[in-house]
Q: 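Here it is, the structure, as structure tokens.
What you are looking at is a predicted structure, and each value in this text was computed from that prediction instead of being measured. Residue numbers run from 1 in the order of the sequence given.
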Amino acid sequence: MAIILSGKEVAAAIRQETAHQVSALIGRGLQPRLHLLRIGERPDDISYQHAIEKACANTGISCTKTVLDVSDGQTALIAALDEAAADASIHGILLFSPLPQGYDLAAAARHLPAGKDVDCINPHSAGAIFTGEAAYPPCTAAAVMELLRFYNADLEGKSATVVGRSLVVGKPLAMLLLAANATVTIAHSRSRNLPAICRGADILIAATGRAKMFRGNCFTPGQVVIDVGFNDDPEQEGGVCGDVDYEAAEPIVAAITPVPGGVGSITSAILCAHVADACAKTQKAQAND
Ligand code: NAP
């Protein structure tokens, strides 16, 4: 029987620590504030927004938002970003993505200052993750690292395979694992003999967005399996599932994250932690002026 790596305990611990930090900041006259920027009414964005608003309320962070109509266009998006960037009472900005057709995320992201880029969408922040400079990693990648840290996973010298190479999950996560001295493999849709690559990993991280694609032939005894996927369950109307076939993996591996209740539960807590940290850095910068 595998150990179940629940994300809920991890999120609760992060929220508790953040709430302490926020309360200390408020005591010094600083109210940490996150500003959300949403375009249109995508149900995924709205449900993530509700999770963020709840996490902010639980940690004492103020959360405000601008909602643009899909027809408003790139110029309106950049104006909204510039306004939030210039507002000293805002410490973190989150732009929901993917953006609707006709919008240019890369061009918009350049208007987000690194200090307020709490989900790493500006290419400079992403670059800093690769060079090891200070930056906020994408919340999902950071959530995986926090989960591994919380459960005392030993990464030093271990082989960690990340399947998926997106800019929001796979690539930055590979860099964070490398910084933790894991021996990292990145696999993707063109990788040959994926099951064998997966079986060779001490720590296997599935981030493909393909429901239950990791079957029993991908696992070996002793492995730690982290499932980043969050997909509609093809076998259960209205249900969600990960990229891992949980029923196949759980009897084989040493530890595994559930979906739901795994990595996804931690993301909004990480976001709050980033906002509190950004606010604390503002205070330090003011003190040094
Ligand atoms: P993405 O941008 O679509 O990237 C998917 C990656 O998986 C790509 O690099 C792709 O390879 C690779 N891939 C796709 N099919 C594959 C296959 N059959 N074999 C091997 N590799 C394959 O997705 P993403 O944004 O990184 O998200 C990945 C998953 O994480 C999704 O399920 C998403 O819902 C979930 N997610 C969860 C959270 C959370 O908070 N829990 C947050 C963000 C994302 P190529 O590059 O070769 O195309």
Q: Counting distance only, does the side-chain N/O of Asn217 pair as donor-acceptor with the main-chain N or O of Pro195 below 3.5 Å?
A: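 No: the side chain of Asn217 does not pair with the backbone of Pro195.
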Q: Do Asp243 side-chain atoms and Thr208 backbone N/O form a donor-acceptor pair below 3.5 Å?
A: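 Indeed, once roles are kept as given, a pair shorter than 3.5 Å links the two residues.
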Q: Looking at CG of Leu95 and CG of Leu37, how far apart are the two atoms once the value is rounded to the nearest 0.5 Å?
A: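 If I round to the nearest 0.5 Å, the distance is 6.0 Å.
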Q: With distance as the sole test, does Asp72 use its side chain to make a donor-acceptor pair with the main-chain N or O of Asp69 at under 3.5 Å?
A: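 Checking the backbone N and O of Asp69 against the side chain of Asp72, a donor-acceptor pair under 3.5 Å is found.
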Q: Using distance alone, with no hydrogens and no angle criterion, decide if Thr220 and Arg199 have a side-chain donor and acceptor under 3.5 Å apart.
A: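 Checked: Thr220/Arg199 side chains show no N/O donor-acceptor pair below 3.5 Å.
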Q: Going by atom types alone, do Asp227 and Thr257 pair a side-chain donor with an acceptor below 3.5 Å?
A: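 No, no side-chain donor-acceptor contact under 3.5 Å.
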Q: With a 4.5 Å cut-off on side-chain heavy atoms, are Ile205 and Val163 touching?
A: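 Result no, sub-4.5 Å side-chain heavy-atom pair not found.
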Q: Between the main-chain N or O of Ala182 and the side-chain N or O of Glu156, is there a donor-acceptor pair closer than 3.5 Å?
A: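 No.
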Q: Any side-chain heavy atom of Val168 within less than 4.5 Å of one from Thr140?
A: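 They are not in contact (no side-chain heavy atoms under 4.5 Å apart), so the answer is no.
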Q: So, Lys212 side chain and Cys241 main chain: donor-acceptor pair closer than 3.5 Å or not?
A: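 Looks like no, no N/O pair under 3.5 Å.
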Q: Do Tyr151 and Ile3 share a hydrophobic cluster (ILVMFWY, side-chain heavy atoms under 4.5 Å, transitive)?
A: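 The answer is yes; both residues are in one hydrophobic cluster.
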Q: Taking only residues two or more places apart in sequence, or in another chain, which ones meet His35 in a side-chain hydrogen bond (donor to acceptor under 3.5 Å, both in side chains)?
A: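 Listed in chain order: Thr64, Thr66.
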Q: What's the spacing between Thr282 OG1 and Asp277 CG if we round to 0.5 Å?
A: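 Thr282 OG1 to Asp277 CG: 9.5 Å, rounded to 0.5 Å.
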Q: Could you check if a side-chain atom of Ile26 sits within less than 4.5 angstrom of a side-chain atom of Pro32, using non-hydrogen atoms only?
A: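 A side-chain contact under 4.5 Å exists here.
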Q: Side chain to side chain contact (heavy atoms under 4.5 Å, CB included), that's the test. Do Leu34 and Leu36 meet it? Break it down for me.
A: CA-CA 7 Å; Leu34 169 67; Leu36 306 175; 3.7 Å; yes
Q: Determine, stepwise, if the pair Val225 / Leu5 fulfils side chain to side chain contact (heavy atoms under 4.5 Å, CB included).
A: CA-CA 9 Å; Val225 175; Leu5 306 172; over 6 Å; no
Q: Counting only N and O atoms by type, is there a donor-acceptor contact under 3.5 Å from the side chain of His274 to the main-chain atoms of Val118?
A: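 Such a contact is found between His274 side chain and Val118 backbone.
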Q: For Thr59 and Arg15, what are the C-alpha separation, side-chain angles and deciding distance, and is it a side chain to side chain donor-acceptor pair (under 3.5 Å)?
A: CA-CA 6 Å; Thr59 48; Arg15 275 197 300 270; over 6 Å; no
Q: Does the side chain of Glu17 come under 3.5 Å of the side chain of Gln21 through a donor N or O and an acceptor N or O?
A: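 Absent: no donor and acceptor within the cut-off.
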Q: Linking I/L/V/M/F/W/Y whenever their side-chain heavy atoms sit closer than 4.5 Å, directly or via other members, would Tyr136 and Leu112 fall into one cluster?
A: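 In one cluster with Tyr136: Leu112, no.
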Q: In the structure I gave you, are the side-chain heavy atoms of Asn231 and Arg210 within less than 4.5 Å of one another anywhere?
A: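 No. Closest side-chain heavy atoms not under 4.5 Å.
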Q: Applying salt bridge (charged side-chain N to carboxylate O under 4.0 Å, His left out), name anything that partners Arg110, two or more places apart in sequence or on another chain.
A: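 So Arg110 forms no salt bridge (charged side-chain N to carboxylate O under 4.0 Å, His left out) with any residue.
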Q: Distance-only, no hydrogens or angles: does the Ser159 side chain make a donor-acceptor pair with backbone N or O of Gly200 under 3.5 Å?
A: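 The answer is yes, because a donor-acceptor pair under 3.5 Å joins these two groups.
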Q: Test your reading of the model: is there a side-chain donor-acceptor pair from Gln223 to the backbone of Ile203, 3.5 Å cut-off?
A: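 Checking the backbone N and O of Ile203 against the side chain of Gln223, no donor-acceptor pair under 3.5 Å is found.
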Q: Between Ser191 (side chain only) and Leu194 (backbone N and O only), is there a donor and an acceptor less than 3.5 Å apart?
A: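 Judged by distance alone, no pair lies under 3.5 Å.
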Q: Main chain of Val70, side chain of Tyr103: is a donor-acceptor contact present, judged purely on distance under 3.5 Å?
A: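 Here the side-chain-to-backbone pair exists.
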Q: Is the count of non-hydrogen atoms from other residues, nucleotides or ligands lying under 6.0 Å from Glu83 atom CD greater than 12?
A: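 No, not enclosed.
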